[in-house]
Structure formats: C-alpha cells, structure tokens
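Predicted model only: the values in this text are computed from it and were never measured. The basis for the numbers below is simple: all heavy atoms, side chains too, and nothing from hydrogens, waters or symmetry mates.
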Amino acid sequence: MKSPKIIYLITRAHGLKQHLLKSEQLVRMLRSKSMAEVYDFLLRTDYSADFSKIPLEELDVVRLEQIFQHTLSNRLYFMLQMASGRTRELLEEYSRRIEVENLRRIARAIHGEKSVSEEQLIPVPRKYQTVNFTALLKCRTIREMAGLLRESNYRNLRDVLDIYERTKNPLVIEAQLDKSAFGNLWKKLGKATDRDKLRDLFGTEIDLKNLLNVLSLKYTGADQEIIEKTSINISYRLPKTLAQSLNGVPYQSIPEHVTWPSYVEILKKAVDLAGKGMLSETENTFSQYIYSYAEKTALRNPNNFVYVFAYLEMCFKEAKNMMTLTIGKQLKLDDEKIRNLLLL
Amino acid sequence: MAFVGKVTATRGNLLRLRTTFSFVQNAMEILKMKRDRLAGELTGLLGQLSCRKEIEQNLMEAFADLKIAIASLGYTTVSSTASSVPRMKVDTNLISIMGVTVPRVGTTEKPRIDTIENMSLHKIAERLEGLTDELLKMAEIEAKVERIAHELMTLNRKVNALEKVVVPAYSEHIRYIEDLLFDEDLEDFSRFKHIKVIAGRKKT
C-alpha cells in the first residue's frame, strides 16, 4: 500500500503530463514555414508566459534556450516542492543533474580560463541549491572550486585533482561530478518505494551514459586512462570493468564486447551512424532510447512512484526537443534535418 | 632639361653629371632587379591565394555542422564546451623580403581539443582547428601580398620616373654639354688655326 503522499505525487504527475507537448504538435510546429508561426503556436502552450514577455524580433538562440531551461527547471522543482520525506530526498538527488550541469559549465570555463556568468547557468531556486554558485563563479582554479565544494555532495572532487592536474583534462572533473550525483541517487534508491523499477530506470540511464561516454571517447581518440576515469562506477546491466575491458578496442568493435541485446542494438546503430559521419544523430540514439524507455516505464507503471520520474524524464525530452526545433527554425535549418534531430 | 636644372656647360660639370648619371643608371638597374624579384614573389603568393575559396567553402561547411550541433545540444552547452578549450597562442614576427617588411604568423600553442567529449563538437573543433591554421597562413599571405603590391607600385613609379624622366634628362643634358664643349673645342681649334695662319703670314 502506497502512502497518500506518493499517490498524490503520482496523480499530480499524471495531470502535469497532460501539459507536455505531443509528438503531433511537434510535427505541426516543424511544418511551420517561419519562426513567427512557431512563436504563435507556443503562445498557446505552457511556454506562453515566457514567450509573451519577449517580442518575436528579440528572440535569439540564447533566449530560446533560456526559456526552455527555465520551464524545465520550474517543472522539476515544482514536483520537488510537493514531495516530503524520503520521496523528497530522492527527488532532490534526481534534480542534482541540473546543479551538476551548472558545475560542469563552471569547471569548463575555469579550465579554459574564460568567464561564465550566472545567466549562462540553468536556473536553480536558491532553496534547492546545495552549493554557492556566486562564489564558484569567482573561482580561478579547479583546486579552488574543489575547496569550495568540500562540504557539499561533491566533496570527492578532491580525489581526482591530482589526475586532473596531471592530464590537464577537465573531463575527469565533469565525470567526478556525475559520479557524485548518480552515486547519491543510487544510494537513495536503497529504501525507496518501487525500488526495483526505479533502479531499472536509472540503471539503464547510467549504463547508456557509460556506453555513450566510451563510444565518444574512443571515437575522439582519447587516452585509455581518461576513458576509465570518466566512467561512472555504477553498473546495472553492464560489467563494472567495461571501460578496462575495452582497452585497445576500436569504437566499431564495442558492440561485440557488450552482451545485453538492446544495448548491442543501440551500439550497432550508433556505430553505423558515426561511421556515416552523422554524429549528432549518433548521440541522439542514446537519448532516444532512454526517453523511450521512460515512456514505456510510464505506460507500464501508471500507478507506481516510478511514473513521477518517467514524467520528469519526459520533461527533459521535451526541453531538448523544443530547443532543437526552435533553434533549428531560428538558424534556418532544413525541416528534414531538424526532424532527424528530434526525439519523436 | 628642367629636371637637371641650369648647369653651366663646363668640363667639371660634365664630369660631375657623368658620375651622377652612372649612379642613377646603377640605381635604376638595382631597382629593376628588386622589382623583378618582388614581382616573382608576388606571382608565387598569388598562386597560393587561390586556396582562399576552398577555405571559405570549408568554413561554411563547418559552420553548417556547428548550426546542427547548436540545434541538437543547445547554444549554452556548445559555448560551455568551447570554453573548456584553452585559447590558442599565436606569435607574429616581421621578416624582410628585399627590404619589404612582411609579417610571419606562427602558432605557438595549439588549442587542446581532447577536452571535448561530445563527438559532433569534437569533429567540428578538429575541423576548425585545421581551418584556423589555414586561415592564419592565408592572413599571412594576404598581408604579404598587400605589402609587396604596395611596394611594387612605389617601386614601379620610381623605376618609371628614372627610366622615362631622370635618365633621358641626364643623357640629354650630358649630350648638350658635350655638344657645346665640342663646338667650343672646334671654335678654339679654328681660332688657333686662324691665329697660326695670321702669325705665319706676319713672319714671312
């Protein structure tokens, strides 16, 4: 028997899911002849509040992205504020991915000796922030950043400082942030309601993230050490030593070293697309799978707690699709090209 | 004549004019040699400039790929990933080609693109890295062409002035003085002869 709080959350997730745009609506927007038509369409959706504030002429790719990220952040934290107790803790850990993305952006800028402003970060309401972004934005070195994060969930960033300083590659820092976020989420699943279903959803996501990481780094010719250090040390269906076992294996042969049938299928498709030079589509293969998996999970478990997370995954999918569609239209890309990039 | 100015037709002036004339002729020959050398250099550089269209085409293609990556990943992600790549460092020196100072551009520190994990962005960065090198080379060539062409234009004007104005003026002036001196010599010779005849007559 589920607690009323969880039933309430599931019910709200069902209601909120109705606000998400359907594939047909995306296709309709895709067929629009101009950005003005897309703009008019969006004024009749959940995005109207943000779009009505900006005249069409002032819309650019940065503004468009900010709007969709703002809406995504609102959707995520709206769900969080309705939760309490362990459910809330789990949702908080899930929401850390936004915080991690912001930290990643800061780390990249510090490494490249560039500056990053608060507007370039995804908005996170102050009460849900576990780190001081204002102070982090002023950091000059990664060591200084790690020092500021020593009392946070990302304290283990210090463990990879030596590797970072030796390799001069911020990917190890980014991976460590991911490891912290996914590690804490994985730990919280231990006592969660619908634990197995949640483990299945997040485990698949972590596996696919690891596979994409290995494939990308192999494709770009990264060192084996970087490949190993950037893999998340949690595995669901993949062996923990996957990165090590792929030492010396070219990216084309990765599918032969994976046993789980659906992963093999995705990898084969991804390797094929990468071979054809369709790299954006290659990366989208993984996102497409995880979002489809979330949709299937939602369909199979409409009355389970996992539905809430499946809904949140769909929010991420919509944000990505909306960004692709509107930015694609704004940059005057071919409809066919935009369609290939959409996760329908 | 106007170029050389008013010079008295004396032997001393003739000698001085001849020295200057020989100096001017030598200078003209040297300038002609410099002009030919620079023209040769320019012809070689103009051949290399034909790559510009290809570079522009490649840049447009890379830009089209970048637009796709921005649509797929979002502008902030792309700019954030780009921010992880430290700035490339370029060094410029000035070298001299036949007295014309031209810039030489060299990359001292290439951007490290292995900090980019994303496949499509890595590919674009790789392409742009190569194109940046070519663009720098092209900028160097264009600067060379511009400076050499400017120098060539000035040089041509100088050679033309020497060839068409200075040298003819000097040679004309020298010829004029030579003619005058010859006439004077002839007059003196006739006068001496005449005096000699008169002096002979008086003796007899």
Side-chain angles (χ1 to χ4, degrees), chain A residues 60-62 64-66 68-69 101 104-116 120-122 167-171 174-175 212-213 215-217 219-223 226 230 274 277-284 319-320 323-333 337-338 340-341, chain B residues 54-92 106-136:
Chain A
D60 56 20
V61 286
V62 180
L64 284 167
E65 197 177 333
Q66 278 172 349
F68 298 119
Q69 286 185 341
E101 179 54 36
R104 224 188 252 160
R105 288 178 187 181
I106 295 172
R108 284 180 195 143
I110 293 172
H111 174 79
E113 294 172 0
K114 317 251 170 67
S115 60
V116 61
Q120 285 166 281
L121 304 179
I122 307 171
T167 57
K168 297 257 180 284
N169 198 325
L171 291 180
E174 291 181 37
L212 177 61
N213 179 60
L215 180 72
S216 301
L217 292 175
Y219 183 86
T220 56
D223 291 340
I226 297 290
T230 52
M278 298 163 80
L279 300 174
S280 294
E281 286 85 347
T282 308
E283 286 146 2
N284 278 352
K320 184 174 164 39
M323 237 157 45
T324 302
L325 198 147
T326 51
I327 293 176
K329 284 275 177 197
Q330 185 79 3
L331 296 175
K332 296 186 171 57
L333 290 182
K337 193 76 220 174
I338 301 173
N340 288 342
L341 296 173
Chain B
E54 200 184 319
I55 294 174
E56 277 174 1
Q57 180 67 31
N58 286 340
L59 263 177
M60 291 311 289
E61 281 169 19
F63 184 59
D65 286 347
L66 187 64
K67 283 206 292 190
I68 293 170
I70 290 173
S72 175
L73 302 165
Y75 177 79
T76 326
T77 308
V78 174
S79 76
S80 162
T81 309
S83 75
S84 72
V85 181
R87 285 192 177 92
M88 72 184 292
K89 286 180 183 152
V90 174
D91 188 33
T92 49
T107 317
T108 50
E109 209 175 298
K110 286 199 163 198
R112 268 192 66 186
I113 58 165
D114 62 341
T115 57
I116 303 172
E117 184 189 14
N118 189 285
M119 283 193 277
S120 49
L121 288 182
H122 190 276
K123 189 88 182 165
I124 295 166
E126 206 172 47
R127 201 168 180 185
L128 286 174
E129 190 193 357
L131 280 171
T132 312
D133 281 343
E134 286 179 36
L135 273 175
L136 284 174

query: Can you name the residues of residues 79-90 of chain B that have some heavy atom under 4.5 Å away from a heavy atom in chain A?
result: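 Checking residues 79-90 of chain B against chain A gives B:Ser79, B:Ser80, B:Thr81, B:Ala82, B:Ser83, B:Ser84, B:Val85, B:Pro86, B:Arg87.
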- request: Could you tell me which residues in residues 64-73 of chain B have at least one non-hydrogen atom under 4.5 Å from a non-hydrogen atom of chain A, sorted by residue number?
  value: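 From residues 64-73 of chain B, the residues near chain A are B:Lys67, B:Ile68, B:Ala69, B:Ile70, B:Ala71, B:Ser72, B:Leu73.
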Name the member of [options] that forms the most heavy-atom pairs with chain B at distances under 4.5 Å.
options: A:Thr230, A:Asp223, A:Asn213, A:Ile106; answer: A:Asn213
options: A:Glu281, A:Lys168, A:Lys114; answer: A:Lys114
options: A:Gln69, A:Lys337, A:Arg104, A:Glu101; answer: A:Lys337

From [X] atom [atom1] to [Y] atom [atom2], the distance as rounded to the nearest 0.5 Å:
X: A:Lys320; Y: B:Thr77; atom1: NZ; atom2: OG1; value: 9.0 Å
X: B:His122; Y: A:Leu279; atom1: NE2; atom2: CG; value: 11.0 Å
X: B:Leu121; Y: A:Ser216; atom1: CG; atom2: OG; value: 10.5 Å

- prompt: For B:Tyr75 and A:Ile327, which heavy atoms make the closest approach, and how far apart are they?
  reply: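 Looking at all heavy atoms of both residues, the closest pair is N-CD1, 4.3 Å.
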- prompt: Measuring heavy-atom distances to chain B, does A:Thr326 have an atom under 4.5 Å in its side chain, in its backbone, in both, or in neither?
  reply: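 No part of A:Thr326 comes within 4.5 Å of chain B.
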- prompt: In terms of heavy-atom proximity below 4.5 Å to chain B, should A:Leu341 be classed as side chain, backbone, both, or neither?
  reply: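 It is the side chain, since no backbone atom gets that close.
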- request: Would you confirm whether B:Asp114, through its side chain, and A:Ala222, through its main-chain N or O, come within 3.5 Å as a donor-acceptor pair?
  value: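 It does not hold such a pair.
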- request: Without swapping roles, check the side chain of B:Glu117 against the backbone of A:Leu171 for a donor-acceptor pair under 3.5 Å.
  value: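 Pair absent, no side-chain N/O of B:Glu117 close to backbone of A:Leu171.
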task: Identify, with sequence neighbours excluded, every residue that meets salt bridge (charged side-chain N to carboxylate O under 4.0 Å, His left out) alongside A:Glu113.
output: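 So A:Glu113 forms no salt bridge (charged side-chain N to carboxylate O under 4.0 Å, His left out) with any residue.
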- prompt: Who passes ring pair (Phe, Tyr, Trp, His ring centres under 6.0 Å) against A:Tyr219, sequence neighbours left out?
  reply: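 Partners of A:Tyr219 by the ring pair (Phe, Tyr, Trp, His ring centres under 6.0 Å) criterion, ordered by chain and then number, come out as A:Tyr251.
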field: Note, B:Lys123 side chain near A:Thr220 side chain (heavy atom, < 4.5 Å)
entry: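 With C-beta onward as the side chain, the pair stays apart.
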- prompt: Are B:Arg112 and A:Asn169 side-chain neighbours, meaning at least one heavy-atom pair lies under 4.5 Å?
  reply: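 Side-chain contact under 4.5 Å: yes.
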query: Between B:Thr76 and A:Glu65, do the side chains contain an N or O donor and an N or O acceptor separated by less than 3.5 Å?
result: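 A pair is found: one side chain offers a donor N or O, the other an acceptor, under 3.5 Å apart.
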field: Derivation of the side-chain contact (heavy atoms from CB on, under 4.5 Å) call for B:Met119 and A:Leu215
entry: CA-CA 9 Å; B:Met119 283 193 277; A:Leu215 180 72; 4.0 Å; yes
